[in-house]
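As the structure lists them, so they are numbered: ligands from 1, and atoms in each ligand from 1.
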Amino acid sequence: MTDNLEALSDTLQRAARAAGDILREGYHAAGTIEFDSKGASDFVSHYDRAAEQAIIDTIRLIHPEVGFLGEESGITAAGDSDLRVVIDPLDGTNNFLHKVPHFSVSIAVERGAELLMGVVYQPLLDEMLWAVHGRGAFLGDQRLRLPPARPLNEMLVGTCLPYHGKGDCQLSCRQLAQLMPQVSGIRSPGSAALEVAYVALGRFDAFWSQGAELEWWDIAAGIVIAREAGCKVTDLSGNSAPREWHSLLVAHPDRHGPLAECLTS
Ligand code: IPD
Ligand code: CA
Ligand code: CA
């Protein structure tokens, strides 16, 4: 069954919608949302956990053999499959808890070191961004094609910044100071998965992150979508397939080089 990547991609989208229903309900519920602390600035609510469970249940029903790496439930070994589903059920928990309407569901599938597909779903806008390796990136049923590169001084660039107790503030401040005078604007809206996928949409002209020390489930799905839309995706040393992603730069191929130079000089 899982040889059929289209079928698996459909299942991921269904799973993302199931999670999105739960998050939408939480977002619109009256009052504040209760949460627990997993660590410094690392919060989790009932909705994060319920959304992850809904994703796993939806996928397992049709593809019981795949493994999982979920932010909330950790590793579940695969059965008779070399596929692993990487899940961030709620990317942008801080926004969600403050009722800031910018968060997403992020699901990717990998086979060993190879990323095969990604889904990033924005439940409040009902925007489904998805891609399958070698078959393109889409917003719903509309194929995404990267718009022409803007000059550096017209670029709007997304990033993630360190949180209290997590990440390298000095590095982030240095990179901001290096890039800020070169580009039109820099934004840090608070959902890494969306910010990466927004480059594929042309909403951002580029995305980079290093100081925030992002996790794999924050970026895996966005990376597939950005690549399939035609973006150049590497770490800040220029490696497009590092063993671990300690930094990330996503941009139009014509702008990737100058941005990398600016951020690392
Ligand atoms: C966070 C978001 C945020 C990034 C943080 C992540 P979470 O994920 O992606 O944009 O700056 O580093 O932890 O905790 O909301 O799933
Ligand atoms: Ca996340
Ligand atoms: Ca999360």
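In terms of polar-atom proximity, Cys160 is not counted as a contact of ligand 1, lacking any N or O under 3.5 Å from an N or O of the ligand. When only interatomic distances are considered, the shortest N/O to N/O separation between Gly190 and ligand 1 falls below 3.5 Å. Taking any N or O of Asp88, backbone or side chain, at least one lies under 3.5 Å from an N or O belonging to ligand 1.
Across the listed options Gly92, Gly167, Ala192, Ala193, Gly92 owns the non-hydrogen atom lying nearest to atom 7 (P) of ligand 1. With Leu90, Asp91, Leu97 as candidates, the residue nearest to atom 8 (O) of ligand 1 on a non-hydrogen basis is Asp91.
Within the 4.0 Å heavy-atom criterion, neither part of Ser188 lies near ligand 1. Neither the backbone nor the side chain of Glu215 comes within contact range of ligand 1; no heavy atom lies under 4.0 Å.
Aromatic ring pairs are classed by plane angle as parallel below 30°, tilted from 30° to 60° and perpendicular above 60°; the pair Trp216 and Trp245 is parallel. Aromatic ring orientation, Phe103 versus Tyr27: tilted (interplanar angle from 30° to 60°).
Contact analysis puts Tyr163 in contact with ligand 1, with a non-hydrogen atom separation below 4.0 angstrom. Heavy atoms of Glu71 approach ligand 1 to within less than 4.0 angstrom. The shortest separation from a heavy atom of Glu213 to ligand 1 is not under 4.0 Å, leaving the residue out of contact.
Just one residue in the list Asp57, Ile59, Thr58 forms a side-chain contact (heavy atoms from CB on, under 4.5 Å) with Ile55, and that residue is Ile59.
Within Asp88, the N/O/S atom positioned nearest the Ca ion (ligand 2) carries the name OD2. Glu71 contributes OE1 as its N, O or S atom closest to the Ca ion (ligand 3).
In this structure the side chain of Glu52 never reaches within 4.5 angstrom of the side chain of Phe68, judged on heavy atoms. A heavy-atom distance below 4.5 Å is found between the side chains of Glu195 and His102.
When rounded to 10 degrees, the angle formed at the Ca ion (ligand 2) by OD1 (Asp91) and OD1 (Asp218) equals 100°.
Rounding to the nearest 0.5 angstrom, the gap separating the SG atom in Cys160 from the CG atom in Asp218 is 7.0 Å. Rounding to the nearest 0.5 Å places CG of Leu263 at 6.5 Å from CG of Leu249.
Note on Asp126 versus Arg17: salt bridge recorded, some NZ/NE/NH1/NH2 to OD/OE distance being below 4.0 Å.
Counted by atom type alone, Thr93 and Asp48 present one or more donor-acceptor pairs between their side chains at under 3.5 Å.
Dense packing is recorded around CD of Glu114, with more than 12 heavy atoms of other residues, nucleotides or ligands lying under 6.0 Å away.
Which parts of ligand 1 touch Ser191 is read off a 4.0 Å heavy-atom cut-off, strictly below it: atoms 10 (O). Interface atoms of ligand 1 facing Thr93, defined by a heavy-atom separation under 4.0 Å, are 15 (O). Contact atoms of ligand 1 toward Lys166: 12 (O), 13 (O) (distance under 4.0 Å to a heavy atom of the residue).
The Ca ion (ligand 3) has an N, O or S atom of Leu90 closer than 3.0 Å.
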Exercise. Step by step, would you call Asp235 with Ser237 a side-chain hydrogen bond (donor to acceptor under 3.5 Å, both in side chains)?
Worked result: CA-CA 5 Å; Asp235 67 11; Ser237 72; 2.8 Å; yes
